[in-house]
Amino acid sequence: MRSHDAGTLRAEHAGQTVTLAGWVARRRDHGGVIFIDLRDASGIAQVVFREGEMAQAAHRLRAEYCVRVAGTVAMRPEGNENREIATGTIEVTADLLEVLSESAPLPFPLDEHLQVGEEIRLRHRYLDLRRPGQAATMRMRSEANRIARAVLDDEGFVEVETPTLTRSTPEGARDFLVPARLQPGSWYALPQSPQLFKQLLMVAGMERYYQIARCYRDEDFRADRQPEFTQLDIEMSFVDQDDVIGMGERIVAALWSELAGYEIASPIPRLSYADAMGRYGTDKPDLRLSLELAELTVYFSDTPFRVFQAPYVGSVVMPGGAHQPRRQLDAWQEWAKQRGAKGLAYVLVGEDGTLSGPVARNIADGEREGLAKAAGAEPGDCIFFAAGEAGEARRLLGAAREEIGRSCGLIDESAWSFVWIVDAPLFELAEYSGDISMGAGRWTALHHPFTSPTPDWVEHFESDPGAALAYAYDIVCNGNEIGGGSIRIHRADVQQCVFAVLGISEEDAREKFGFLLDALDYGPPPHGGIAFGWDRICMLLAGADSLRDVIAFPKTGGGYDPLTGAPAPITAAQRAEAGVDAAKPRGKPE
RNA sequence: GGCCCAGUGGCGCAGUCGGUUAGCGCGUCGCCCUGUCACGGCGAAGGUCGCGGGUUCGAGUCCCGUCUGGGUCGCCA
């Protein structure tokens, strides 16, 4: 059908007869001579139609007509080269034009110079993806898949597909449910991740598994969250934490090297969860920003200021913030209130070092003296404080830190920063998490109930659950969690003990994931793994602002697909057949 | 579930303090044009101002409700 790809034509093709096929990206009709930018997957080439029959035929071409053109490659007349495009030195003089199919007037311009709303683009995503930028993103994602597969293949991994119609797994998010026609009243769940299956594959002796796996979670969506998303899922036998982290680094390094032209310094630094929370107020710190929180609990241990008589007092400095107008300081209060805080206390450090602001008047003379130094502030800075329960206060300061970074332009947007967060707690107090499905104990698993304690804790974690550390790791890039995993429990006694701490009875455990416990009875190998948030990684590599840009057919915030119109009502017949309304479920009722 | 922002020809936007015929750019259609490359010139068509109610002599504009989209907090191990 065609002899060449349009985007590959160069000066060396001059004089050759070629046949191209593609779309009319743009036309410039001068009457006697007509220029067409012909676009195919490889790029764009200019086609020229001159006088007479050819010009006549080309007059009727419109945007996005699908055409086939035969002609001769010629050097452009001197001075008419276009340096903007790769084929800019040549053009194709057409002597044959075949319209393969016509296009209706477009619902939105495909011109990359213009901004178009997202909803209309998603409704006609097949047009949106014709835009070279969008198309390049799709191809880049394909490359990312290829690179990851190459690294894993090279290291002896086996790609295995796991079910998408399965049983609800213990992962905390809400499941998407599918009625089982053959067992009315019983339901499949779509997997939130292949977590349990990959562990079964380790018991099965695969030793090294991976999968580019679709996962489903029925929660509210965000710019960086979709109801269905993709993980690069990996599990390995006979490994410890360093082995999995090393494997993860090789994949990430290959991706960034090939797709971003960035060589990640190895090894990627590690930060303990406790340090991350203490110094940055988050478990996914953006280390492009060097700003750190200061802990002032001890400094204010005898303070007369009521607000600072709290289990934790901390601060973060806004460089140059002393010069903010009052209005802006008020805006910070609003900002904090929107995050559920009472406000954001502040002290302004004058150029002469004197402190001002409401807080400065309430603290003791002695406290004023060394405060700037203790908080790490310079003259002209603003110090923000948070006091209260450590977790909440740090979270507020961490968010403030990032807001300061953004608003003060302290973040180098072209930089990449990677860090592993390790030594997270194994358990957290259940009071805040509304996790009803996973046991009735005071404690809930921070990762999931199959995460092993670290070697230091594995023999006595139950004696101090709040302090026990998990053999788990998250990798963070520029403040985004792009992957995480853990070493799993492979000893039945340890697993029983974890369930006991979580308040999960043996009966409950049997009911929910007896199949995994059964499997662990048959000589399970020590194993662990990691899962990468594939959409998020592609988003970062593509420099996109939204996951929707790196997903071929994404959904909107309401879980709606503007293209297909899903979800959609079903007919009464479908409803009856699916067994959605079955009165008496078989098997054990909830 | 809470909060913030937006919704005006196909697309992107303007519309002042509530006032008479709702503008602009792009696109579309017609005519013209032999070196453009986001071509250019002339002309034309195209609107239930998201939807419902209210206030008013009068509502795109103000009020209430609602829907949709985006962001954010909760939520998402």
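Naming: A, B, ... by sequence-line order, numbering from 1 per chain. Just so you know, these numbers use all the heavy atoms, side chains as well, and skip hydrogens, waters and symmetry mates.
Side-chain atoms of A:Arg395 stay outside donor-acceptor range of the base of B:rC73, with no qualifying N/O pair under 3.5 Å. Between the side chain of A:Glu119 and the base of B:rU68, no donor-acceptor pair of N or O atoms lies under 3.5 Å. With hydrogens and angles left out, the side chain of A:Arg339 and the base of B:rG74 share no donor-acceptor pair within 3.5 Å. For B:rC39, its base never sits under 3.5 Å from the side chain of A:Arg27 at any donor and acceptor pair. Looking at A:Arg225, its side chain comes within 3.5 Å of the base of B:rC76 through a donor and an acceptor atom. With hydrogens and angles left out, the side chain of A:Arg123 and the base of B:rG10 share no donor-acceptor pair within 3.5 Å. For A:Glu91 and B:rG35, a side-chain-to-base donor-acceptor distance below 3.5 Å is present, hydrogens and geometry of angles not being considered. The base of B:rG74 lies close enough to the side chain of A:Asp220 for a donor and an acceptor atom to sit less than 3.5 Å apart.
B:rG2 and B:rC62 have their C1' atoms separated by 26 Å, given to the nearest Å. As rounded to the nearest Å, B:rC39 and B:rA45 have P atoms that lie 26 Å from one another. As rounded to the nearest Å, B:rG52 and B:rC76 have C1' atoms that lie 35 Å from one another. Spacing of C1' atoms, B:rG50 relative to B:rG9, comes out at 15 Å, to the nearest Å. For the C1' atom pair drawn from B:rG10 and B:rG53, the interatomic distance equals 30 Å after rounding to whole Å. A distance of about 39 Å separates the P atoms of B:rC75 and B:rG15, rounded to the whole Å. With P as the reference atom, B:rG71 and B:rG27 are 30 Å apart, rounded to whole Å.
With rounding to whole Å, A:His113 atom NE2 is found 9 Å from B:rC39 atom P. If you take CD of A:Glu334 and C1' of B:rC73, they are 14 Å apart, rounded to a whole angstrom. Atom NE2 in A:His448 sits roughly 16 Å away from atom P in B:rC76 (whole-Å rounding). Between the C1' atom of B:rA6 and the CD atom of A:Gln115 lies a distance of 14 Å, rounded to the nearest Å. Rounded to whole Å, atom P of B:rG30 lies 12 Å from atom CZ of A:Arg60. One interatomic measurement links the two molecules: CG of A:Asn80 to C1' of B:rU34, which rounds to 12 Å at whole-angstrom precision. When the P atom of B:rG12 is taken as reference, atom CG of A:Leu106 falls 14 Å away, rounded to whole Å.
A:Glu118 pairs with exactly one of A:Arg123, A:Arg125, A:Arg548 by the salt bridge (charged side-chain N to carboxylate O under 4.0 Å, His left out) rule, that one being A:Arg548.
Residues A:Phe532 and A:Tyr210 place their aromatic rings such that the two centres sit no closer than 6.0 Å. Checked against a 6.0 Å centroid threshold, the rings of A:His527 and A:His490 do not count as neighbours. Aromatic rings from A:Phe384 and A:Trp332 are positioned such that their centres are separated by under 6.0 Å. A ring-centre distance under 6.0 Å is not found for A:His59 and A:Phe49.
A:Asp218 comes within 4.0 angstrom of no nucleic acid atom, judged by non-hydrogen atoms across all strands.
With centroids closer than 5.5 Å and planes inclined by less than 30 degrees as the test, A:His30 and the base of B:rC39 pass as a stacked pair. The side-chain ring of A:Phe108 is not stacked on the base of B:rC11, judged by centre separation under 5.5 angstrom and plane angle under 30 degrees.
Using the six-membered ring where Trp is involved, A:Tyr126 and A:His124 have ring planes that are perpendicular, over 60° apart on the 30 and 60° scheme.
If A:Asp37 and A:His59 are placed on RNA chain B by their nearest nucleotide, the residue sitting closer to the 5' end is A:His59.
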